[in-house]
Amino acid sequence: MKTIYLIRHSNQYKNIYYQNSLLDEYTKNISIPLSSEGEQTAKKIADKYFSNNINYLCSSEYSRAINTAKYISSNNNIPINIFSEFNERNLGETENITEQFWLQQLKNEQIKNKNGESQQEVRNRMLNGIKKVLENIKDNESAVIVSHASAITFLLMNWCELIDASLEDKKRHLKYKNKTIINDSFKTSEIFKLTFKTNKEIIDICRI
């Protein structure tokens, strides 16, 4: 068996001046760092769950994901492999976007903004990334992937059923083989454990 841990990045830095800077939206988004609290949380999670038990480590291209992964890298003396496949979904042109879009993307895998990505497109690239990771670990080895809330949700929906979702608190209810995986909003550094029998066949999903 092979094990993959999916982690949402830790708390990101929130600053109005930074958000309103002259950088384009993509550059601002990809370069948002962790807050001081986020750095502490990332280290605590790495020390609690990922001390010298991980064989392969991946992160999206985003600064907040890489800085979450760096503590796992240090604890296990392994490099961080940067995979664009694990980036957050690209919203595209957001001038006319409404709050309803988050809910619409969960319920319609084809919907997307101009120059953005659909749920299906995000899931497909995430699955391609998962395939690469599985090819880089041996039986009984483990890997960690640090990614983002929507991207992780869309990936899990490849195997899980969406029971319900709430726009007010962005709560999502996912089930895998009649087992509830999450019935909550995503927390900081949310962790999911995926167990694979082969390079393709998944046999279990659980939330840690």
Side-chain angles (χ1 to χ4, degrees), residues 1-12 34 38-89 122-161 172 174-184 186-208:
M1 293 188 297
K2 300 180 180 183
T3 302
I4 292 179
Y5 296 92
L6 288 173
I7 306 179
R8 183 196 182 192
H9 62 81
S10 192
N11 315 60
Q12 67 188 44
L34 294 183
E39 294 281 357
Q40 294 172 13
T41 299
K43 187 176 187 308
K44 287 178 182 177
I45 286 173
D47 291 344
K48 182 175 182 179
Y49 297 108
F50 306 115
S51 287
N52 201 31
N53 62 341
I54 301 301
N55 306 99
Y56 195 76
L57 176 60
C58 296
S59 169
S60 78
E61 296 177 311
Y62 289 57
S63 177
R64 55 191 180 273
I66 295 170
N67 283 312
T68 300
K70 69 186 179 186
Y71 297 103
I72 301 171
S73 173
S74 177
N75 282 358
N76 293 273
N77 195 28
I78 54 176
I80 303 171
N81 298 280
I82 308 300
F83 282 27
S84 62
E85 287 92 335
F86 301 131
N87 286 358
E88 180 60 295
R89 61 99 162 76
V122 175
R123 183 170 63 248
N124 286 344
R125 66 167 165 80
M126 291 283 284
L127 283 169
N128 285 336
I130 290 286
K131 181 181 178 181
K132 290 180 182 179
V133 173
L134 288 171
E135 290 171 349
N136 276 283
I137 59 175
K138 302 174 183 178
D139 285 343
N140 300 316
E141 289 189 340
S142 299
V144 167
I145 297 167
V146 184
S147 187
H148 306 264
S150 291
I152 290 173
T153 299
F154 294 165
L155 173 64
L156 291 175
M157 287 173 65
N158 184 65
W159 306 290
C160 297
E161 179 185 4
R172 64 213 79 184
L174 298 176
K175 277 191 171 184
Y176 173 72
K177 295 182 178 179
N178 295 318
K179 178 178 70 174
T180 292
I181 301 304
I182 185 170
N183 187 13
D184 200 353
F186 260 48
K187 306 299 188 232
T188 298
S189 300
E190 194 77 68
I191 306 173
F192 297 93
K193 180 181 178 182
L194 281 58
T195 307
F196 293 82
K197 185 177 181 180
T198 66
N199 280 1
K200 293 183 179 179
E201 183 183 355
I202 192 165
I203 57 175
D204 192 37
I205 301 174
C206 64
R207 182 188 186 194
I208 295 178

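Since this is a predicted model, take the numbers as computed values, not measurements. For the single chain, residues carry numbers from 1 onward in sequence order.
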The criterion is ring-ring contact (aromatic ring centres under 6.0 Å, His included); which residues satisfy it with Y49, sequence neighbours excluded? none

Spacing of I181 atom CD1 and E161 atom CD [to the nearest 0.5 Å]: 12.0 Å

Over all atoms of both residues, closest heavy-atom pair of C160 and I205: SG-CD1, 3.9 Å

What residue pairs, at least two apart or across chains, pass salt bridge (Lys or Arg N to Asp or Glu O under 4.0 Å) with a residue in residues 136-149? none

d(S59 OG, I7 CD1) to nearest 0.5 Å is 10.0 Å

Atom NZ of residue position K197 - does it have more than 12 heavy atoms of other residues, nucleotides or ligands inside 6.0 Å? no

Is it the case that the side chain of N76 and the backbone of N53 share a donor-acceptor pair, with hydrogens and angles ignored and the cut-off at 3.5 Å? yes

Do the side chain of K177 and the main chain of D204 share a donor and acceptor less than 3.5 angstrom apart? no

Could you list the residues that satisfy side chain to side chain donor-acceptor pair (under 3.5 Å) with S142, not counting sequence neighbours? none

Please check if the side chain of S147 supplies one atom and the backbone of F86 the other of a donor-acceptor pair under 3.5 Å. yes

Nearest heavy-atom neighbours spanning A149 and R8: CB-NE, 3.7 Å

Checking N158 against I202 for the side-chain contact (heavy atoms from CB on, under 4.5 Å) test, could you report, in this order, the C-alpha distance in whole Å, the side-chain angles of both residues, the deciding distance, and whether it holds? CA-CA 11 Å; N158 184 65; I202 192 165; over 6 Å; no

Could you pull out all residues at least two apart from K187 that satisfy salt bridge (Lys or Arg N to Asp or Glu O under 4.0 Å)? D184

N75 side chain to N52 backbone, donor-acceptor under 3.5 Å: no

Checking the side chain of N67 only, and the main-chain atoms of L34 only, is there a donor and an acceptor separated by less than 3.5 Å? no

Search all heavy atoms of A151 against all heavy atoms of M126 and return the closest pair with its distance. O-CE, 3.5 Å

What residues, two or more places apart in sequence or in another chain, satisfy ring-ring contact (aromatic ring centres under 6.0 Å, His included) together with Y71? none

Quick check for you: to the nearest 0.5 Å, what is the distance between S10 atom OG and I45 atom CD1? 6.0 Å

Partners passing side-chain contact (heavy atoms from CB on, under 4.5 Å) against N11 (at least two apart in sequence or in another chain): S35, E37, T41, T188

Mind checking whether L194 and W159 have side chains closer than 4.5 Å, heavy atoms only? yes

Per the salt bridge (Lys or Arg N to Asp or Glu O under 4.0 Å) rule, what does the pair list look like for residues 40-68, sequence neighbours excluded? K43-D47

Flag side-chain contact, heavy atom, 4.5 Å: I152 against E190: no

Rounded to the nearest 0.5 Å, how far apart are OG1 of T153 and CZ of R172? 4.0 Å

Which residue pairs satisfy the ring-ring contact (aromatic ring centres under 6.0 Å, His included) criterion with at least one member in residues 130-156, sequence neighbours excluded? H9-H148, Y62-H148

Which atom of I54 lies closest to which atom of I78, heavy atoms considered: O-CD1, 3.7 Å

Looking at OH of Y5 and SG of C206, how far apart are the two atoms once the value is rounded to the nearest 0.5 Å? 8.0 Å

Can you pull the ring-ring contact (aromatic ring centres under 6.0 Å, His included) pairs that have at least one residue in residues 187-208, sequence neighbours excluded? F186-F192

For I137 versus K2, what's the shortest heavy-atom pair and its separation? O-NZ, 2.9 Å

Which atom pairs, donor and acceptor, lie under 3.5 Å between side-chain atoms of residues 128-136 and protein residues at least two apart or in another chain?
{"unit_1": "N128", "atom_1": "ND2", "unit_2": "N124", "atom_2": "O", "d": "3.4"}
{"unit_1": "K132", "atom_1": "NZ", "unit_2": "E85", "atom_2": "OE2", "d": "2.4"}
{"unit_1": "N136", "atom_1": "ND2", "unit_2": "K132", "atom_2": "O", "d": "2.8"}

For residues 66-80, which residue pairs pass the salt bridge (Lys or Arg N to Asp or Glu O under 4.0 Å) check, not counting sequence neighbours? E39-K70

Residues forming a side chain to side chain donor-acceptor pair (under 3.5 Å) with T180, sequence neighbours excluded: H173

Side-chain (R207) to main-chain (N183) donor-acceptor, under 3.5 angstrom: no

Can you tell me how far the CG atom of N77 sits from the CD1 atom of I72, to the nearest 0.5 Å? 14.0 Å

